[in-house]
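Heads up: the structure comes next, in structure tokens.
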Amino acid sequence: MAELKINGERLWASLMEMGKIGATPKGGVCRLTLTDLDRQGRDLFVRWCEEAGCMVKVDQMGNIFARRPGKNNALPPVGTGSHLDSQPTGGRFDGVYGVLAGLEVLRTLNDLGIETERPVEASVWTNEEGSRFAPAMIGSGVYAGVFSLAYGHSRTDPAGKTIGEELARIGYLGNEPMGNRPVHAFFETHIEQGPILEAEGQTIGIVTDAQGQRWYELTLTGQESHAGPTPMPVRRDALLGAARVIEFVNEIGLAHAPNAVATVGMINAYPNSRNVIPGSCFLTVDFRNPDDADLKRMDAELKAGVARIAEQSRLEADLKQIFRYDCVHFNESCVGVVRAGAKKHGYVTRDIVSGAGHDACYMSQVTPTAMIFVPCIGGISHNEIEDARPEWIEAGGNVLLHAMLTKANEVSEVQPAAATALA
Ligand code: HGY
Ligand code: MN
Ligand code: MN
């Protein structure tokens with residue numbers, strides 16, 4: 001039997017259509033979580049799903065679920081999804097690809113008149129990026145029980161707006177209770193956001209694991225004083241202390257090579273006036289490592305280093321860890337189904353560990369989960385020039401179709417040890 005395929009042109013067209021919402025001059029998108037642009041993107045997705053005959057529900061964290069009925073709707077569905085929110089200088093594929101690949105599977109099943117045993121469901125997860133509201137992956141995190149609903153609603157953006165308020169404002173404060181939507185298996189399709197697949201000429205990344213992450217917020221406090229009369233030896237310069245911390249964070253990343261990564265992404269000096277010695281400085285630290293024990297060592301080094309630098313610089317330091325999850329090992333049965341799908345289509349593949357965080361990382365805590373990666377041009381992402389080739393986008397959709405069909409026709413709740421491809 002010829003392997004079933006999605007309509008790659010339709011998927012690409014949907015991606016380009018969604019990319020018009022929040023489009024930026026360099027060809028990317030700025031569609032920050034729960035802004036009016038995010039609402040527009042959500043509304044478009046919901047309209048497309050309703051046009052495809054899906055029943056759409058929204059939960060208390062604004063996560064969206066578009067369900068296509070199966071023969072036995074008492075069975076938990078097979079789910080797929082990702083996020084529509086972007087970074088400030090985001091691309092047209094990060095997250096959106098996984099959302100619209102899921103919609104494309106539903107559309108293809110309609111085209112082919114296929115009735116699956118289980119329902120299948122495409123989903124959108126709130127605040128995956130963690131840019132406007134920290135931390136990341138809050139919608140899937142509350143769904144998976146990692147965060148409470150109250151915590152999820154309470155997170156504020158720099159302007160002091162909360163997620164709960166903004167969900168209500170854009171009309172996505174749903175009433176589906178959190179976490180009572182069991183799922184038989186979950187797949188997320190995503191661009192790799194790194195250089196490996198393209199550089200090695202692979203079409204599909206079989207994502208076996210995702211590296212662990214720890215996010216920190218650091219406030220250094222010294223004393224504002226006049227940039228002119230204040231002698232160097234008596235200054236308590238918070239921005240100078242921050243510069244030393246930034247250098248030190250980079251040293252930690254290099255010292256734990258080859259796998260560790262360490263980033264200071266945000267810095268705010270106060271009062272940020274050119275002739276005032278900064279009295280305080282806020283900065284963020286993002287650590288990642290595919291080895292939990294090594295990530296823990298990085299954590300200890302950061303804490304010791306910040307204390308040392310603060311003392312040397314005569315500053316107070318308030319270092320808080322605001323986000324953490326350990327390395328994720330995806331479900332062998334679901335990974336096996338992804339691998340079988342790629343093989344059936346004859347795609348060149350390699351196993352890969354995800355360097356980025358994804359909603360699938362939290363979904364894997366509550367249901368068997370796997371991811372499908374496709375290359376992106378130059379491995380560039382979280383950048384407006386993010387791009388991919390249509391054939392990659394189609395290939396990931398074809399593997400997702402295979403994976404979801406295989407799992408949607410499993411009537412037993414028990415996951416086979418390593419599911420084989422559809423006969
Ligand atoms: O930070 C991440 O890995 C993801 O883009 N939220
Ligand atoms: Mn993403
Ligand atoms: Mn991202």
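Note that ligands are numbered from 1 as they come in the structure, with each ligand's atoms numbered from 1 the same way.
The aromatic rings of His345 and Tyr347 sit parallel, their planes meeting at an angle under 30°, below the 60° perpendicular limit. Aromatic ring pairs are classed by plane angle as parallel below 30°, tilted from 30° to 60° and perpendicular above 60°; the pair Tyr362 and Phe147 is perpendicular.
Considering just the N/O/S atoms of His382, the one nearest the Mn ion (ligand 3) carries the name NE2.
At a cut-off of 2.8 Å, measuring from the Mn ion (ligand 2), the protein N, O or S atoms that fall short of it are His83 NE2, Asp94 OD1, His190 NE2, waters left aside.
Heavy atoms of His358 stay at 4.0 angstrom or farther from ligand 1. At a 4.0 Å cut-off, at least one heavy atom of His382 sits close enough to ligand 1 to count as contact. Within the structure, the closest approach of Arg288 to ligand 1 falls below 4.0 Å when heavy atoms are considered.
Distances between N or O atoms of Glu129 and those of ligand 1 include at least one value under 3.5 Å. Polar contact check, Gly357 against ligand 1: a nitrogen or oxygen pair lies under 3.5 Å apart.
Glu128 OE2, 3.1 Å is the protein heavy atom nearest to atom 6 (N) of ligand 1.
Listed by number with element, the atoms of ligand 1 under 4.0 angstrom from any heavy atom of Ala356 are 3 (O). Taking a cut-off of under 4.0 Å to the non-hydrogen atoms of Gln213, the atoms of ligand 1 that pass are 3 (O).
A cation-pi arrangement, defined by a distance under 6.0 Å to the six-membered ring centre and an angle within 45 degrees of its axis, is absent between Arg324 and Phe287. Both tests pass for Arg42 against the ring of Tyr172: distance under 6.0 Å to the centre and angle within 45° of the axis. Both tests pass for Arg107 against the ring of Trp48: distance under 6.0 Å to the centre and angle within 45° of the axis.
Closest approach of Gly241 and Ile309 over heavy atoms only: O-CG2, 3.8 Å.
Look at Glu410 and Arg118 and you find no salt bridge, because none of the NZ, NE, NH1 or NH2 atoms lies under 4.0 Å from a carboxylate O.
Counting only residues at least two apart or in different chains, salt bridge (Lys or Arg N to Asp or Glu O under 4.0 Å) contacts with residues 125-134 comprise Arg132-Asp157, Arg132-Glu166.
In summary, of the residues considered (Lys296, Arg297, Lys303), a salt bridge (Lys or Arg N to Asp or Glu O under 4.0 Å) with Asp299 occurs for Lys303 alone.
Defined by atom type and a distance below 3.5 Å, a donor-acceptor pair is missing between the side-chain atoms of Asp286 and Thr263.
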